2 protein chains.
Amino acid sequence: MRIVKEAAERKNEILDAAEELFAARGYEETSTGDILDRVGIARGTLYYHFRSKEEILDALIGRLNRTMIARAEKAAGDRDVPVVERIIRTILCMNPETGGFPVGHEVMEQVHKPQNALMHQKMQQGLLDGVVPVITRLVEEGNAQGIFHTGYPRETTEMLVLYSGAAFDSRLGGEPEQEARRVKAFIHNTELLLGAESGSLEAPMARLFPQVK
Amino acid sequence: MRIVKEAAERKNEILDAAEELFAARGYEETSTGDILDRVGIARGTLYYHFRSKEEILDALIGRLNRTMIARAEKAAGDRDVPVVERIIRTILCMNPETGGFPVGHEVMEQVHKPQNALMHQKMQQGLLDGVVPVITRLVEEGNAQGIFHTGYPRETTEMLVLYSGAAFDSRLGGEPEQEARRVKAFIHNTELLLGAESGSLEAPMARLFPQVK
DNA sequence: CTCAACCGACAGGTTGTCGGTCGATACGCA
DNA sequence: TGCGTATCGACCGACAACCTGTCGGTTGAG
């Protein structure tokens, strides 16, 4: 006897299953059949709710991105916290480890494997589109307060987000030693780019990122 | 009657066909059957020379990357040219349009489509691994000459390469107006990061990149 | 004669389609 | 109010079409 549910609910069930499977095996290695089995529905039902396998991926990434951007906006909007610290917190929202991720911790691990290039690219694009504007506003706020001095808030933010993204992935490679050095370089270069006072980022960074030393 | 060729030659024929097809339709949209037909060989022959479809992609990207890195190293080693200009020329080697690409102009266009995420990722990784060390050496040379002053040559180079890569792709989006602004920001921020004298990059850049104004 | 290079049928698996079925809800009517 | 029935969204599963990789067997150059 078959169970009928509201479309929105079924869709979410499918996305839940897809999330677990993609997290465990990756996108390419998961077949629509696997999703079918896990949800307990028939082939036709899946394609009643989604046009294609890729549309499932898009929907899932949209769901993940939405929660992350919400976190980022919350971190960015906390008026009680100084701007520098808010920027760091917002950037950390993008990182699965430091971000205290709501869901999809395992998804993020999969995302970094080369097998899941499509997933990775779509997530990163979502990040760029979603987070860059938020941080840009913070940078402009810092400019207005006179603690930053950059003529290119948007573009500078893009640079910072891209770099931190690549560093969080293992795309840049290197030993732990090199990674630590990368963090120091990131802090130093961020100060340069934003025109912030030398050392003004180090203190808040150390507070939020204790392992940096 | 069947034609027998040396393995290396056949392999190159297969890569040639793959290059054209990937350029026209992308990696995922090209089947091994398409490659078979174009080369005029049988299924078994293809898999005699390559273990899998993905190995074909890897070999092709390796071929493309090798030629590009050769160009980059040539540009970087030209002792008659000032360091700043060599850096710019080397970075431009990565760009299909400004780089006077040897082959694969169309490949690069495909690479930017989201469908070809795997291709894109593998190429970018090759770039990072291949070009970053070359430019890092140039930055260190500039440090030694006293025209740059950065404590993080490697990491700063990574930032610059990542950003220019993303800007060359359309990952950052935006109107032509915004893109022009991005180029200006790139020049300005590069000066900041390298600790170069303000304006010292603008002149060589304008010479090599006339459309910037 | 030997072996690298080649062949093509075939197994196994995948995505997406399509005609048809089921069940909740609304509706007509007594 | 109670009861057939019409409707339509949700669901089903067989199936077509395709795709990758394998394998035993063949060929021709040296």
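The basis for the numbers below is simple: all heavy atoms, side chains too, and nothing from hydrogens, waters or symmetry mates. If you're wondering where the values come from, they're calculated on a predicted model, not measured in any experiment. Residue numbering restarts at 1 for every chain, and letters A, B, ... go by the order of the sequence lines.
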Protein-to-nucleotide contact annotation, 5' to 3' order, nucleotides 4-15 of chain D [B base; S sugar-phosphate only; - none; under 4.0 Å, heavy atom]: -----SBBBBB-
Rounded interatomic separation in angstrom, taking CD from A:E28 and C1' from D:dC19: 14 Å
Spacing of B:K53 atom NZ relative to D:dT22 atom C1', expressed in whole Å: 18 Å
Nearest-Å distance for atom pair CD1/P, residues B:I35 and D:dC19: 12 Å
Ionic contact status for A:E158 with A:R154, cut-off 4.0 Å: yes
side-chain hydrogen bond (donor to acceptor under 3.5 Å, both in side chains) against A:K11, all qualifying residues, sequence neighbours excluded: none
Contact check, side chains of B:D78 and B:V81, non-hydrogen atoms, under 4.5 Å: yes
A:N189 side chain to A:F186 backbone, donor-acceptor under 3.5 Å: no
Rounded distance (Å) that lies between atom C1' of C:dC18 and atom CG of A:L46: 15 Å
A:K122 side chain to A:A117 backbone, donor-acceptor under 3.5 Å: no
Toward the 5' end of DNA chain C, by each residue's nearest nucleotide, A:R51 or A:D34: A:D34
Spacing of B:I14 atom CD1 relative to D:dT20 atom P, expressed in whole Å: 14 Å
Using a 3.5 Å cut-off and no angle test, enumerate the donor-acceptor pairs between side-chain atoms of residues 38-49 of chain A and protein atoms at least two apart in sequence or in another chain.
from  : atom 1 : to    : atom 2 : distance (Å)
A:R38 : NH1    : A:E20 : OE1    : 2.1
A:R43 : NH2    : A:T32 : OG1    : 2.4

Atom-to-atom span, CG of B:D37 to P of D:dT20 - whole angstrom: 12 Å
Between C:dA11 (P) and B:Y47 (OH): distance, integer Å: 18 Å
Between P of C:dT15 and CZ of A:F50, the distance in whole Å: 15 Å
